[in-house]
2 protein chains.
Amino acid sequence: METPRELFQIMTRRLGLLNKDCCSVGGCNLSAAQSHLLYEIYRSHNPSMQQVAETLGTDITTFSRQVQSLVKMNLVKKTPDPTDRRVYTLSLTPEGKMVATTIDQQMNEYLNEAFSHMSEFEVETLLRSIKLFNEAMGKSSNCCAPVKG
Amino acid sequence: METPRELFQIMTRRLGLLNKDCCSVGGCNLSAAQSHLLYEIYRSHNPSMQQVAETLGTDITTFSRQVQSLVKMNLVKKTPDPTDRRVYTLSLTPEGKMVATTIDQQMNEYLNEAFSHMSEFEVETLLRSIKLFNEAMGKSSNCCAPVKG
DNA sequence: TGAAATAACTTGCAATTTGCAAATATAAAT
DNA sequence: ATTTATATTTGCAAATTGCAAGTTATTTCA
């Protein structure tokens with residue numbers, strides 16, 4: 001019987017590969033890191049640089065440059081916060097939204113393809129389990145910084 | 001209700017952070033990539049460079065150098081294959097085994113800590129589900145190269 | 001008020017990591 | 001034998017990383 005770690009390691013590896021493969025959209029060829037960045041901006045409401053960097057566990061200086069390159073690609077917009085001018089607020093450009101949703105679709109398509117090898121009940125159980133697990137990891141403050149979500 | 005992708009994205013991110021945090025053992029400070037490498041050598045029986053690189057989806061030239069650095073750290077041993085002298089077989093040194101199992105323990109400890117916020121039944125269900133999911137991804141050849149395991 | 005401390009973000013720089021193209025060395029095929 | 005294919009390594013140039021230090025804006029509190 002596999003240990004939990006083995007199960008997660010294999011799954012993580014595969015999902016990592018998927019992440020690599022799935023984030024080329026049209027002309028844009030994003031890295032997995034950039035894809036995560038886009039995703040996080042997409043799902044949160046006008047977050048600051050600081051916030052996103054911390055959520056993703058990325059060094060803030062590295063993050064600053066990652067954002068710069070996405071701005072240059074016209075996927076991300078940086079808006080100065082009117083109430084605190086040290087802060088920049090991040091959002092997606094229309095093009096960025098399109099790329100983000102396309103990546104999302106590609107990922108879901110692949111996942112559904114994998115799910116087609118499972119019964120409907122098994123899929124539902126899996127998704128419910130992962131949801132619970134994410135919540136559990138959120139409560140756990142042991143090893144790595146808790147990431148809200 | 002979250003899409004499958006959202007659930008997996010959050011989980012993947014968190015497990016990625018865990019991977020980063022959990023692979024420092026004693027003096028050795030490994031990257032997540034090196035930890036994956038160690039794990040894969042550990043679980044397979046005297047694999048060749050080529051095999052491991054492909055399993056991990058790593059470019060072979062990058063992989064060659066990653067192995068070199070692990071050899072230098074005295075965690076991995078490269079043995080020329082007697083039946084085909086182009087091939088090098090990879091294995092863990094005693095020290096490498098120790099590091100690999102220590103990482104494994106650390107990961108399992110953290111996972112168990114997270115599991116403590118779930119019922120026993122929920123944990124069992126989660127693990128069974130992931131096992132099924134891994135098998136399903138193995139059958140799916142759609143997007144990213146299938147990874148045996 | 002107005003210096004000193006703190007916070008958000010950026011840049012300099014040096015080290016590491018990456019992948020393509022080309023090289024080496026061995027094996028298989030014809 | 002010569003060509004072709006396979007496994008691994010090296011050269012090199014580009015991209016990515018993180019620390020230290022810098023800039024600009026805000027807070028603190030004497």
Side-chain angles (χ1 to χ4, degrees), chain A residues 13 16-17 19-21 23-24 27-38 40-41 44 46-73 75-91 144-145, chain B residues 13 16-17 19-21 23-24 27-38 40-41 44 46-73 75-91 144-145:
Chain A
R13 178 199 297 166
L17 290 177
N19 243 314
K20 253 195 216 161
D21 286 357
C23 47
S24 293
C28 293
N29 212 317
L30 303 182
S31 72
Q34 290 175 318
S35 160
H36 270 268
L37 212 171
L38 232 53
E40 189 53 29
I41 297 179
S44 42
N46 286 4
S48 72
M49 309 254 309
Q50 199 82 214
Q51 280 168 353
V52 181
E54 192 182 333
T55 302
L56 298 180
T58 310
D59 181 274
I60 184 68
T61 73
T62 300
F63 185 79
S64 170
R65 280 180 260 248
Q66 287 175 344
V67 168
Q68 278 172 34
S69 78
L70 288 172
V71 168
K72 221 171 268 167
M73 297 166 87
L75 301 179
V76 167
K77 204 173 81 175
K78 263 169 65 179
T79 313
D81 183 330
T83 76
D84 184 340
R85 294 198 306 185
R86 290 170 302 180
V87 175
Y88 280 94
T89 271
L90 299 176
S91 58
C144 56
Chain B
R13 178 198 299 165
L17 290 177
N19 243 314
K20 254 195 215 160
D21 287 356
C23 46
S24 293
C28 291
N29 212 319
L30 303 182
S31 71
Q34 289 174 319
S35 159
H36 270 269
L37 212 170
L38 233 53
E40 188 55 29
I41 298 179
S44 43
N46 286 5
S48 73
M49 308 256 309
Q50 199 80 217
Q51 279 168 353
V52 181
E54 193 181 334
T55 302
L56 297 179
T58 309
D59 182 272
I60 183 68
T61 73
T62 299
F63 184 80
S64 170
R65 280 180 259 246
Q66 287 175 343
V67 168
Q68 280 172 35
S69 78
L70 288 172
V71 167
K72 220 171 268 166
M73 296 166 87
L75 301 178
V76 167
K77 204 174 80 176
K78 263 169 67 180
T79 313
D81 183 329
T83 76
D84 183 340
R85 295 197 306 187
R86 290 169 304 180
V87 176
Y88 280 94
T89 271
L90 299 176
S91 56
C144 56

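Labels below follow one simple rule: chain letters A, B, ... track the order of the sequence lines, proteins then strands, and each chain is numbered from 1.
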query: Please give, in whole Å, the distance from D:dA15 P to A:Leu30 CG?
result: 15 Å
query: How would you list, by chain and number, every residue that makes a salt bridge (Lys or Arg N to Asp or Glu O under 4.0 Å) with A:Asp59, sequence neighbours excluded?
result: none
query: Starting at CG of B:Asp59 and ending at P of D:dA14, how long is that distance when rounded to a whole Å?
result: 18 Å
query: A:Lys20 side chain to B:Gly57 main-chain N or O, any donor-acceptor pair under 3.5 Å?
result: yes
- request: Treat primed atoms plus P, OP1 and OP2 as sugar-phosphate and everything else as base, then score nucleotides 6-14 of chain C 5' to 3': B for base contact with protein heavy atoms under 4.0 Å, S for sugar-phosphate contact only, - for none.
  value: -BSSBBBB-
- prompt: Taking it one step at a time, do A:Gln34 and A:Leu75 satisfy side-chain contact (heavy atoms from CB on, under 4.5 Å)?
  reply: CA-CA 10 Å; A:Gln34 290 175 318; A:Leu75 301 179; over 6 Å; no
field: Between P of C:dT16 and CG of B:Asn29, the distance in whole Å
entry: 13 Å
message: Assuming nearest nucleotide by heavy-atom distance, tell me which of A:Arg85 and A:Gln66 is located more 5' along DNA chain D.
response: A:Gln66
- request: Walk me through it: do A:Leu70 and A:Leu30 pass the test side-chain contact (heavy atoms from CB on, under 4.5 Å)?
  value: CA-CA 9 Å; A:Leu70 288 172; A:Leu30 303 182; 4.1 Å; yes
- request: Write down the distance between NE2 (A:His36) and P (D:dT16), rounded to a whole number of angstrom.
  value: 16 Å
- prompt: OP1 or OP2 of D:dG18 sitting under 4.0 Å from any side-chain N/O of A:Thr62?
  reply: yes
field: Exam field: side chain B:Thr55 to backbone B:Gln51, donor-acceptor pair closer than 3.5 Å
entry: yes
task: For the pair B:Gln50 and B:Val87, evaluate side-chain contact (heavy atoms from CB on, under 4.5 Å) and give the outcome as yes or no after the intermediate values.
output: CA-CA 8 Å; B:Gln50 199 80 217; B:Val87 176; over 6 Å; no
